[in-house]
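What follows is a short report on a single structure.
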Amino acid sequence: MSLTLTDVTLTYPDGDSTVTALDRVTLHVPRGTTTAVIGPSGSGKSSLLAVAATLVAPDSGTVAIDGAGTTGLNRGRLAELRRHRIGIVFQQPNLLPALTAAEQLQVMAYVTGRKPAEARRTALDLLDAVGLADHAARRPHQLSGGQRQRVNIARALMNNPTVLLVDEPTSALDHDRGAAVVELITGLTRRQATATVLVTHDRSHLTAVDDVVTIHDGRLRKPNRRTPSDSVPPDCSEPARAGAEVRP
Amino acid sequence: MFVALRDLRFAQGRFALMGVVIVLITALVGLLSGLTTGLGRQNVSAITDLPVDRIAFSGPAQDLSYSDSAVTEAQVRHWAGTEGVVMAEPLGISTTRATAGGRNAAVSVFGVSPGSELVGDVGDRTVVLSVPAAEELGATTGDTVTLAGQDLTVTAVRGDACFSHTPVVWTSLGTWRSTAPPGTTATVIALKTRPDIDVEAADAVAGTRTTTRDDSLTAIGSYRSENGSLQLMRGFLFVISALVIGAFFTVWTIQRSGDIAVLKALGASTGTLLRDALGQALVLLVSGTLVGTALAAAAGTLVRDTVPFLLDPATVLTPAVTTVVLGAFGAALAVRRITTVDPLTALGSAR
């Protein structure tokens, strides 16, 4: 069971022309594994996440979660899918200022209609898992940047998702904290058996992930082990699959 | 209302400010409502308390007016003999000064036939005082009141009837005619009718113009202008409250668009977010309205002896409910912006 994107193409208008954000992208991420997608700014990383998160419908191709396609679902069904099956870790933590750390997680249970008491227990367990058990009652302004990012990660896991989509989680963190966050994500991925896509432009934290693919001008390719570089011409003819031996 | 209640607690300053505005508007509307009703009652209670359902005015061609109407004996007789009429009583209404024991006051004199169902205890050379008239004249049962040069004995003091802001005294039609222009029979005909009556046909024959008792209130000039002005002010306050509340929630919704986008991206349905936001508006509206209404009621209780302020469930609850309903409407228009927030914006530079 997994996340699968098949021949996904996404374009959008840019003045009089059309920009191809994703060009026949095929990606398969099994559960319990983390696939890192690396690439420079504007390469299509965030577009890939947006399509995988069902926030944008591709022009062509399919997105399937645990084998079930998302094509043709209306907004309500897509929102339901995101509630129950998809966890999103935003680039900026995007925490709600009025809520405590525990409540940031509990709000996820609120939108799914889960019982408050059970939700509270799950939230505290997850905060414990990300090392913030003692910070459950703190609001975002009382947390450091790294702590806020960990709450962001825990929130994404609150509804026990099938798919975890992580957008540049280390962009606002120093190297040590960034590495710790990536290790946390990969650890939680294995523990919660999620199919995790980690988008980043920072290659320095990728030792912990299971697979790495590069994206350039909207095309995915497996990086060359010997000469990992974003300047290598992209090739999307073969789908990138998790579990490969390639490491940067 | 998971997020809404926490927002209320977190942004206490902003919501308190808006709450105070709602409290003040509701208190003002409540006070104005009590005053409008109190003033209205001071204008019309003598008519609304009449045990009749229709009033016949003279002259079909002219505007309805208690001050200009003058019915004839023939008109009274015609109405008394009309099929479907249970009771047709001539009623004289005029304003004059009354004197008792050295005190005098402007009063409305209501003249009725002795033994009329409109008011008991009225006979020649006697007068029934309303409580406000008795208080202003300092008179009570058995005292003598001078009306248009005639000394009349007070046979009873009862009711709080007022007409055109003056207290009412009841007397016989014969005595009343001495306060009215010469040759006047009565001002209007008070009618108690059955549902099957053909009013238009009777009016055509009698040369009168008949309306329901409640509609006849517009024939009191002071009531029409006063009530119209006060109702206009009240209406404006309702509209202003809806606009202010709508504006507040518009700004609030814009400010939290980022949070809404995040919640949508995480899977919150638009319906859930709308319910949350509307619930927040209702909590603010209902609590502000309750406090404002309590303030208005307390202020009304304090001033009711010096100002014609009427405090009853209708004057208290109607403006409160109206404020909540219109405020909720304004808030609903504001928070519908939630439906247009794109969850994609939560991802930042998604494209």
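In what follows, chains carry the letters A, B, and so on, assigned in the order in which the sequence lines appear, proteins first and then strands, with residues in each chain numbered from 1. Keep in mind it's a predicted model, so treat the numbers as computed, not measured.
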Write down the atom of A:N94, the atom of B:A346, and the distance for their closest heavy-atom approach. ND2-O, 3.1 Å
Can you name the nearest heavy-atom pair linking A:Q106 to B:F2, along with the distance? CB-CZ, 3.6 Å
Taking only heavy atoms into account, what residues of residues 109-121 of chain A are found under 4.5 Å from chain B? A:Y110, A:V111
Please lay out, stage by stage, how B:L347 and A:I88 fare under the test side chain to side chain contact (heavy atoms under 4.5 Å, CB included). CA-CA 9 Å; B:L347 275 183; A:I88 302 174; 4.2 Å; yes
When only pairs under 4.5 Å are counted, which of A:R75, A:M158, A:H84, A:R139 shares the most heavy-atom pairs with chain B? A:R139
Please determine, among A:A79, A:S41, A:G42, A:G76, the option with the most heavy-atom pairs under 4.5 Å with chain B. A:A79
Checking heavy-atom separations under 4.5 Å from chain A, one finds in residues 254-267 of chain B B:D259, B:V262, B:L263, B:K264, B:A265, B:L266, B:G267
Contact residues of residues 283-302 of chain B (partner chain A; heavy-atom separation under 4.5 angstrom): none
Check residues 234-248 of chain B and write down every donor-acceptor pair under 3.5 Å in which the side-chain atom is one partner and the other belongs to a residue at least two apart or another chain.
residue, atom, partner, partner atom, Å
B:R234, NE, B:Q231, OE1, 3.2
B:R234, NH1, B:S33, OG, 2.6
B:R234, NH2, B:Q231, OE1, 3.3
B:S241, OG, B:L237, O, 3.3
B:S241, OG, B:F238, O, 2.7

What part of A:P161 gets closer than 4.5 Å to chain B, counting heavy atoms only: side chain, backbone, both or neither? neither
